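Have a look at the structure below before the remarks.
Here the structure is a predicted model, which means the values were calculated and not measured.
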Amino acid sequence: MTKIRHEPIAPTRAQWLSPGAGIDAHRHDDHQIVYAARGVLAITTDAGTWVAPANRAIWVPAGRAHAHQAHGTLELHLVGLPATDNPLGLDEPTVLTASPLLRELILAYTRAPHDESPERARLRAVLLDQLRVSPQQPVHLPAPTSPRLQALCALLRADPADNRTLAALGREIGASDRTLSRLFKSELGMTFPQWRTQLRLYHALVLLAENTPVTTVAHLCGWSSASAFIDVFRRAFGRTPGAHQAEAGRPVANARFTPGDAHDATLC
């Protein structure tokens, strides 16, 4: 990541991002909770990409440089927290389950008047309590650093439906499957099949945000059938691709944004 902006205070607000829009790399001195009530959000750091559909939120720790990317029309809700408030005790970006209660707390906190009232303080306290009990989700696509692994991962990013074995892919880039298998575990902390599944799920979320039919998504992402894709997706995200697609495209009731926030890709 180059040209990283430093914004000391992590904002608390709601804003829209148009499909394909992004917020460039920046860092805060505060922690931040990032939630997409509509659309699919991807946050990228030097360590990889974290993806969050509408039933997930992303914890971004203080000081971590990150960039946002919108897939589909994105209704973005940001909650800034002082560096002294770390209810999760985490120093790495993390995807969390956004329960119905946590979702409503985030929406209410980003819409409520930003004052120091006792009511807002109580709302914030309950929000932090819910964060503490939110299960962490392994929706992370780590980024490789070694040239050979970068080359292999680039092949699969270009075509997630590529079903070649690790040995076959290794022959194309000039590395043995044993070497590549070792690099996946040492650099990325997961096996090759696990990484490829994560990549396919990430790609599937992007395609679903673009209203691509579920059967087409299954084909483009390399699953043998729509039913196989639905099963993997349900186990990863707790609902079917169709249910996710319907939820991601549903506007949140009573959403209120200031005019200057609409489709502004420079705010963070």
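Inter-residue side-chain proximity for Leu81 and Leu128 is flagged as met; some heavy-atom pair is nearer than 4.5 Å. Looking only at side-chain heavy atoms (C-beta outward), Leu88 and Thr94 stay at 4.5 Å or farther from each other. With a 4.5 Å cut-off on side-chain heavy atoms, Ser134 and Leu102 count as touching. Contact annotation: the side chain of Asp129 never approaches that of Val133 to less than 4.5 Å [non-hydrogen atoms, C-beta and beyond]. Side chains of Trp50 and Pro142 form no contact here, defined as non-hydrogen atoms less than 4.5 Å apart. With a 4.5 Å cut-off on side-chain heavy atoms, Pro135 and Leu96 do not count as touching. Counting only heavy atoms from C-beta outward, the side chains of Val206 and Thr212 never approach each other to under 4.5 Å. At least one side-chain heavy atom of Arg38 sits less than 4.5 Å from a side-chain heavy atom of Trp16.
From Leu105, atom CG reaches atom OG of Ser99 across 7.5 Å, with rounding to the nearest 0.5 Å. Summarising the geometry, atom CG belonging to Leu156 is positioned 5.5 Å from atom CG belonging to Leu169; distances are rounded to the nearest 0.5 Å. In this structure, Arg120 CZ and Asp115 CG are separated by 6.5 Å, a value rounded to the nearest 0.5 Å. To the nearest 0.5 Å, atoms CG (Leu149) and CG (Leu188) are separated by 5.0 Å. Once rounded to the nearest 0.5 Å, the distance linking CZ of Arg171 with CD1 of Ile173 reads 11.5 Å. Between the CG atom of Leu141 and the CZ atom of Arg196 there is a distance of 13.0 Å, given to the nearest 0.5 Å.
Minimum heavy-atom separation, His66 to Ile43: CB-CG2, 3.7 Å. When all heavy atoms of Leu127 and Ile33 are compared, the pair lying nearest together is CD2-CD1, 3.8 Å. Leu183 and Ser146 get closest at one heavy-atom pair: CD1-OG, 3.8 Å. Of all heavy-atom pairs spanning Ala47 and His140, the tightest one is O-NE2, 3.6 Å. A pairwise comparison of heavy atoms in Pro144 and Cys153 identifies CG-SG, 3.8 Å as the closest pair. Heavy-atom minimum distance, Ala10 versus Asp30: N-OD2, 3.0 Å.
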Practice task
Would you sort out whether Leu199 and Trp195 count as a side-chain contact (heavy atoms from CB on, under 4.5 Å), showing the intermediate values?
Solution key: CA-CA 6 Å; Leu199 172 68; Trp195 189 91; 3.6 Å; yes
Problem - CA sep, side-chain torsions, deciding dist, call: Val79, Gln32, side-chain contact (heavy atoms from CB on, under 4.5 Å) - result: CA-CA 5 Å; Val79 177; Gln32 192 172 55; 5.9 Å; no
Handout entry: Audit row: His244, Thr240, side-chain contact (heavy atoms from CB on, under 4.5 Å) steps and yes/no
Key = CA-CA 6 Å; His244 159 76; Thr240 66; over 6 Å; no
Handout entry: Thr216 vs Val214, side-chain contact (heavy atoms from CB on, under 4.5 Å): CA-CA, chis, key distance, verdict
Key = CA-CA 5 Å; Thr216 303; Val214 171; over 6 Å; no
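Residues passing the salt bridge (charged side-chain N to carboxylate O under 4.0 Å, His left out) test with Glu187, sequence neighbours excluded: none. Partners of Asp91 by side-chain contact (heavy atoms from CB on, under 4.5 Å), not counting sequence neighbours: none found. In terms of the ring-ring contact (aromatic ring centres under 6.0 Å, His included) criterion, residue partners of Phe192 (sequence neighbours excluded) are, by chain and number, Phe184.
The ring of His6 has its center no closer than 6.0 angstrom to the ring center of His26. For His71 and His203, the ring centers are positioned 6.0 Å apart or more.
When only modelled atom types and interatomic distance are considered, Gln194 and Thr191 share a side-chain donor-acceptor pair under 3.5 Å. Using a 3.5 Å distance cut-off with no hydrogens or angles, the side chains of Thr44 and Thr49 do pair a donor with an acceptor. Looking only at atom types and distance, the side chain of Arg13 has a donor-acceptor partner in the side chain of Gln15 under 3.5 Å away.
No donor-acceptor distance shorter than 3.5 angstrom exists from the side chain of His77 to the backbone of Tyr35, with no hydrogens or angles considered. Looking only at distances, no side-chain donor or acceptor of Gln136 sits under 3.5 Å from a matching main-chain atom of Val95.
Using the six-membered ring where Trp is involved, Phe237 and Phe233 have ring planes that are tilted, between 30° and 60° apart. Under the 30°/60° scheme for interplanar angles, the aromatic rings of Trp223 and Phe229 are found to be tilted.
Atom CZ of Arg148 has 12 or fewer heavy atoms from other residues, nucleotides or ligands within 6.0 Å. For Glu119, the CD atom counts as densely surrounded, since its 6.0 Å shell holds more than 12 non-hydrogen atoms of other residues, nucleotides or ligands. In this structure, Arg178 places its CZ atom where only 12 or fewer heavy-atom neighbours from other residues, nucleotides or ligands lie under 6.0 Å away.
Screening Ile23, Val60, Ile106 for a side chain to side chain contact (heavy atoms under 4.5 Å, CB included) with Val34, the sole residue that qualifies is Val60.
Salt-bridge formation is detected for the pair Asp24/Arg5: a Lys NZ or Arg NE/NH1/NH2 atom is positioned less than 4.0 Å from an Asp or Glu carboxylate oxygen.
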